[in-house]
Amino acid sequence: MGSSGKKDSPAAGCRVVLAVNGVRHEAAGADLSMSLLEFMRTRTPVRGPKLGCGEGGCGACVVLISKYDPSTEEVNEFSASSCLTLLGSVNLCAVTTSEGIGNTKDGFHPVQQRLSGFHASQCGFCTPGMCMSIFSALVKTDKAADRPAPPQGFSKLTTSEAEKAISGNLCRCTGYRPIIDACKSFATDVDLEDLGLNSFWKKGTDHADVSKLPAYTSGAICTFPEFLKSEIKSSINQMDNVPVEISDDGSWYHPRSIAELQVLLDSNWFDENSVKIVASNTGSGVYKEQDLFDKYIDIKGISELSVINTSSKGAEIGAAVSISKAIDVFSDGNLVFRKIADHLNKVATPFVRNTATIGGNIIMAQRLQFPSDIATVLLAAGSTVTVQVASKRLCFTLEDFLEQPPCDSRTLLLSIFVPDWGSDNVIFKTSRASPRPFGNAVSYVNSAFLARISEAPSSGEFLIEDIRLAFGAYGTKHAMKARNVEDFLRGKSVSPSVMLEAIKLLKDAISPSVGTKHPEYRVSLAVSFLFSFLSSLGSNLNETAWTDAANGSSMNGCAESSLDKHVKVDIDNLPIRSRQELISTEEYKPVGKPIKKAGAELQASGEAVYVDDIPAPKGCLYGAFIYSTHPHAHIKGIKFGSSLASHKVITVIDAKDIPSGGENIGSTLAGLGDEALFADSFSEFAGQNIGIVIAETQKYAHMAAKQAIIEYSTENLEPPILTIEDAIQHNSYFHPPPPLAPKPVGDFSEGMHEADHKILSAEVKLESQYYFYMETQVALAIPDEDNCITVYSSAQMPEATQSVIARCLGIPFHNVRVITRRVGGGFGGKAMKAMHVASACAVAAFKLRCPIRMYLDRKTDMIMAGGRHPMNVKYSVGFKSDGRVTALHLDLGINSGISPDYSPIMPMAVIGSMKKYNWGALAFDIKVCKTNVSSKSAMRAPGEVQGSFIAEAIIEHVASVLSADTNTVRRKNLHDFESLKVFFGGSAGEPSTYSLVTIFDKLALSPDYQHRAVMVEHFNSGNRWKKRGISCVPITYAVSPRPTPGRVSILNDGSIAVEVGGVEIGQGLWTKVKQMTAFALGQLCPDGGEGLLEKVRVIQADSLSMIQGGWTAGSTTSETSCEAVRQSCAALVERLKPIKEDLEAKSGMVAWSSLIDQAAMASVNLSAQAYWTPDPTSASYLNYGAAVSEVEVDVLTGATTILRSDLVYDCGQSLNPAVDLGQVEGAFVQGIGFFTNEEYTTNSDGLVVNDGTWTYKIPTVDTIPKQFNVELFNSYRNQKHVLSSKASGEPPLLLASSVHCAMREAIRAARKEFSVCTGPANSAVTFQMDVPATMVAVKELCGLDVVEKHLESLLAAKA
């Protein structure tokens, strides 16, 4: 289908033609309603853009789309989500993907090279999308004619723009910091010395210079090929004759005028249920299609809908104008327009704004109750809209249009007019409260206020002549104006009494509808926004004007106006800075050096192959799960609704299709129990697999699965057990085997008797967390001869996956081959749950005797994943007056879900991480609860992160009761080595390895920390509405290395193939293994082995090749694989050394190639395998670290900004400091998500409802610490470890609790300020703060009514 040559004019054949990376493609025979992403991945060689969410919310699919205007000969480029862009809408466009800007054959682009060199790629699944977002930003800014030419090697991009360039891209691995550095390296105003660790210069010793970076030249990539320009030019004269219908099957229409559109709307075949009108299709990312459409009408080509007219009266914007284009228009306008542009820049993401239309957003707000920011802002600005209904054109105020009944699909929004308000005496501010400052998150509440004011000659007070107050997203049908408040405020000057009355009226007007989440919080936000706006108008309130709110809310003030009295620094826009301190050693080189990750450029270019990138075998069919929505019911039957998608069903595979002799098993963990693959006539939890729909494409399979109608019966059944409380009431538990049960320490009763103070019953709760690997669960099963099958699976446990598939099919293990090359993010989620997908594919492939692929959509993945274990904790603790704890008892409930999975191991993990403190005596009662919800599984630092936090909550409670400094209490309860041995036994190691006290003191007792603590107090005393907190948290984390195999084979040309049991999931396993191979064979080489690095290739995991591969989990896979490789190399060295010595005796120095030639001739076995087992005397060891975090909390909104985090982590003698640094940063940021913002919410039946990027918010570039410092602490050498190294993958995640603890300190300051005493303790300083501490939770703890209380206090003081 692809060619670079010129073809006949596209007008003649009525077909879609596009260029992909400079190659011509015709969409002949293709469904024009398929996404551009699907077309590229199935009809072209392109694999770089990935499907991460299908919602435009993650950036994995970002491409550059270019359009050519033959009249001006200009090319317009913009980034776009290819998962939302429809194929029919890119006719005569050029598409550039990550492969198109650089690849193995043509050379890598500087963006790809710098991402690699700054260590900015781990699992690599998001990297092509990151690459294209950065590239798109470079293309856009370098074309800006109003900017001066940048210095050589740089672009016109600024550092601020560089940070925002990837604001819409998600990454679960890196923590974003190195990606930001890579992007900033192109910025014209960057100080290269500020950039972090990289492979271009050695930090601290080498001079940072642009000449050391891969050279960047603007315009080096052709984004629009000449042949396509020629086709467009040649077809201009024929355009008038091109039919409205451009598809061969009558499914795609592109009218060029309103009249042509009206003809289509009046057609007898037009039915809004089967015909979809599209401009950019981004709305489908919000409102998912539930069925296929028969026809599409693309209105983007109607010129009248793209009109832009500006005049002294205002700006008219066509409904099909993109949000980005509207931002450009408003940015060149007056004060009000510029503020509109600022706010619109926080809507969605750059690559969505580039295609999403203003009109589409307004229509969704009017018809579908979309919580639009744009509608609110334009409503306050007095906008009007022009619509066409049938053949009539009508003009409405936006307010009237929104209040009408939802318009039907025949109603066409033509344009929006925004009047020019001028700038004299006009104040315009907009606000939004959302989890992400830069956008990509729907607001809890948004508002826009416009006031015209004057100064009273007599009093000098400001009078409100006119005012418009618009609010949206608070749980109403659409944005609305608070008319009662407006009427009250007109003609008045602002005073505390006026503000209080206005707020009372506002609370009457703002009434969230029934079912709205957090209604009280939303009303409180509306009050806060109005209070802040009115405060800026008051001349005698002794209030600081709140011009910019923190993290998650933004208030666009009018800094240009002389009416603003105060302008504060917007901490959201503070540049992200960082510092890395690490020591690389030469002793075992190249081990210990911070070399870049193996294959990073391949990941950046999109050439790295993941399971869904494997070309579909001939005859491949696709599957999608049908899952239960009921937690406890008989399944009476499944049928499909009457729909277009239902016709795509080929068959349904369920429990009855498991072969005779096979088992209904979906996953297993040795000795702990199994979980069923399919529900067999009975649903045990909402989200349970019932069957698989098989269809010709993945899209059809997903859509068809939505049509399944399941009939349930709950007759004679008890209610489901969904919560920990339910399970305790019904004695529904799993019982861990005795060897896995933790042991108490000391005598609790004696410890309590010794205590001076006691807390007898306190509580804390921790909710779940979703893995959010960028690559969802995926597998490809290919049946083979003789009852054999090969399954390509994105799995952390290929060996266990093999056994489950074999048991499920009833065949020997050796008939099943599971292959895993790389995994696009795991974090524990690709361990047990991956087995279900692989087994389901295998059953379908076995039954149908054809290849079957399943790539779960994000919603299904989130519903089935299970995630982290929720916990309820009650504790009693005794302690001395100096803060030393003498006894602790825990009552711990763990919600495990329906099957054991990893849950029996959780008690030991929780208690193990709590033992970082000397509790004197430690007792506990732990209940592992069996419930009717999806099985919870291991997620990065499973149990340890909860336990470490529980310990901090208890220590903070103790400090609060004593009114003592929390760090003093922490330090008082850290172990000495003797107590460490009591709590940890043999894992404690030697006294020289206990580094925690040293690390904690390094941070908490440093002059810098002491100074910052004082400055926090100073800040809090001078700021009423912002409060800061700072906290230092220590961690201890035990890991247990497991037996691991390794094989090293030297080929005849001297290249080296290495196999290990572990899987590359982004943790740098292959990189460290390559380094270890080069080191271990280095004694055979003149250069010590560094030259061997490029000769080493690590082979994908293969369950029939590397037996006993085990798990990739627990943070020790890299070190154990390295040790197995080292032992294999040692065997090879022993065989090759005599030959080397003979050759040296004859001819002196021997080249590696000569040595291998001679060995091959001598029939030396050049392959060696080892199975490493840990020394029983050091079966586990402890990892230590500490972190200081400083935060700022916005008391008015609950938003939190992490100002700074300093991490010190004991990495031992790092095998690769760059890799370990990435693991520390990435784990920490993932932990931030757990502690602050990620809500894995379920409904009353236990079914996950926060099931996509719209509702589940992981950290983004705008939510990481503004200053992010990491030090890898090199502890004493320990010969019992692999070259004295230690784990780095999971332990640093625990350090993120420092953010939560700092937030508590800030909240405590706010509660003291406003005398807030909510909670069981009825105390301002002692309160329960659960996980996650979301904006809502923070605001509730700070007080929902603090504004009213404050105004009342002002009035009381006056009286």
Side-chain angles (χ1 to χ4, degrees), residues 669 672 724 727-728 733-746 748 762-769 828 866-877 885 887-897 900-919 921-931 935-957 973 983-985 987 1033-1040 1113-1115 1180 1182-1183 1231 1234-1235 1290-1291 1293-1297 1300 1330-1332:
L669 194 61
L672 298 181
I724 292 171
I728 292 173
Y733 305 123
F734 294 114
H735 300 284
L740 296 179
K743 304 295 189 293
V745 179
F748 173 73
E763 188 174 2
V764 66
K765 296 182 179 180
L766 301 93
E767 298 301 333
S768 186
Q769 182 184 22
R868 201 180 289 282
H869 290 74
M871 296 183 186
N872 288 0
V873 185
K874 294 182 179 179
Y875 58 87
S876 299
V877 60
V885 176
L888 171 66
H889 185 277
L890 288 183
D891 287 301
L892 174 63
I894 302 172
N895 192 335
S896 301
D901 200 288
Y902 187 82
S903 300
I905 303 173
M906 292 295 289
M908 182 175 288
V910 173
I911 298 302
S913 61
M914 288 194 67
K915 289 179 179 179
K916 63 182 178 180
Y917 289 121
N918 181 358
W919 303 105
L922 175 61
F924 35 79
D925 179 11
I926 302 177
K927 292 179 169 58
V928 182
C929 300
K930 179 181 181 180
T931 57
S935 297
K936 305 305 170 185
S937 196
M939 181 174 177
R940 199 174 195 172
E944 285 90 354
V945 65
Q946 293 100 322
S948 190
F949 167 77
I950 293 165
E952 294 306 326
I954 295 168
I955 289 292
E956 289 186 329
H957 197 166
N973 289 286
F983 276 73
F984 285 101
S987 299
V1033 168
I1035 65 157
T1036 299
Y1037 194 108
V1039 299
S1040 301
S1115 298
S1180 66
L1182 302 181
N1183 297 266
F1234 173 58
F1235 284 111
E1290 294 174 285
L1293 189 142
L1294 280 58
L1295 296 172
S1297 63
H1300 193 281
D1330 297 331
V1331 175

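The figures that follow rest on heavy atoms only: side chains count, while hydrogens, waters and symmetry mates do not. Numbering of residues begins at 1 and proceeds along the displayed sequence.
- Between the side chain of Ser1180 and the backbone N or O of Ala1038, no donor-acceptor pair lies under 3.5 Å.
- Applying the salt bridge (Lys or Arg N to Asp or Glu O under 4.0 Å) criterion to Glu956, with sequence neighbours excluded, gives Arg970, Arg1304.
- Within the model, atoms CD1 of Ile728 and OH of Tyr733 stand 5.0 Å from one another, a figure rounded to the nearest 0.5 Å.
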Run the numbers on Leu766 and Ile950 for side-chain contact (heavy atoms from CB on, under 4.5 Å), then give the verdict. CA-CA 9 Å; Leu766 301 93; Ile950 293 165; 4.1 Å; yes

side-chain contact (heavy atoms from CB on, under 4.5 Å), that's the test. Do Ile954 and Tyr917 meet it? Break it down for me. CA-CA 11 Å; Ile954 295 168; Tyr917 289 121; over 6 Å; no

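- In this structure, the side chain of Ser768 engages the main chain of Arg868 through a donor-acceptor pair within 3.5 Å.
- Scanning both residues, Gly746 and Ala921, for their nearest heavy atoms gives C-CB, 4.0 Å.
- One finds the CD1 atom of Ile905 at 6.0 Å from the CG atom of Leu740 (value rounded to the nearest 0.5 Å).
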Hey, mind stepping through Phe1234 and Met939 against side-chain contact (heavy atoms from CB on, under 4.5 Å) and telling me if it holds? CA-CA 11 Å; Phe1234 173 58; Met939 181 174 177; over 6 Å; no

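- Annotation for Ala953 and Tyr875: closest pair O-OH, 4.1 Å, computed over non-hydrogen atoms.
- Minimum heavy-atom separation, Pro870 to Ile724: O-CD1, 4.0 Å.
- Across all their heavy atoms, Ala938 and Asp901 have their closest contact at N-OD1, 4.2 Å.
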Decide side-chain contact (heavy atoms from CB on, under 4.5 Å) for Met906 and Lys936; before the verdict, give the C-alpha distance in whole Å, the side-chain angles of both, and the deciding distance to 0.1 Å. CA-CA 11 Å; Met906 292 295 289; Lys936 305 305 170 185; over 6 Å; no

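- Across every non-hydrogen atom of Met914 and Gly947, the tightest pair is CG-O, 3.1 Å.
- We find the CG-CG distance between Leu922 and Leu890 to be 6.5 Å, quoted to the nearest 0.5 Å.
- Evaluation of the salt bridge (charged side-chain N to carboxylate O under 4.0 Å, His left out) test over residues 906-918, restricted to residues two or more places apart or in two chains, returns Lys916-Glu952.
- Under the rule for a ring-ring contact (aromatic ring centres under 6.0 Å, His included), the partners of Phe949 that lie at least two apart in sequence or sit in another chain are Phe1235, His1300.
- Take Ser1297 and apply the side-chain hydrogen bond (donor to acceptor under 3.5 Å, both in side chains) test, not counting sequence neighbours, and it matches no residue.
- In this structure the side chain of Glu767 never reaches within 4.5 angstrom of the side chain of Asp1330, judged on heavy atoms.
- Residues passing the side-chain hydrogen bond (donor to acceptor under 3.5 Å, both in side chains) test with Ser903 are His869, Ser896, sequence neighbours excluded.
- Here the OG1 atom belonging to Thr1036 is positioned 6.5 Å from the CG atom belonging to Leu1182, to the nearest 0.5 angstrom.
- With a 4.5 Å cut-off on side-chain heavy atoms, Leu672 and Pro737 count as touching.
- Contact check for Tyr902 versus Leu669: side-chain heavy atoms found under the 4.5 Å cut-off.
- Summarising the geometry of Ser913 relative to Ser948, their closest heavy-atom pair is OG-N, 3.1 Å, with the distance given to 0.1 Å.
- Counting heavy atoms from C-beta on, the side chains of Ile894 and Gln946 never come closer than 4.5 Å.
- A distance of 7.0 Å separates CD in Gln769 from CG in Leu1293, rounded to the nearest 0.5 Å.
- For the pairing with Leu892, the side chain to side chain contact (heavy atoms under 4.5 Å, CB included) check across Ile926, Asn872, Val928 returns one residue only, Ile926.
- Remark: Lys930 engages no residue in a salt bridge (Lys or Arg N to Asp or Glu O under 4.0 Å) (not counting sequence neighbours).
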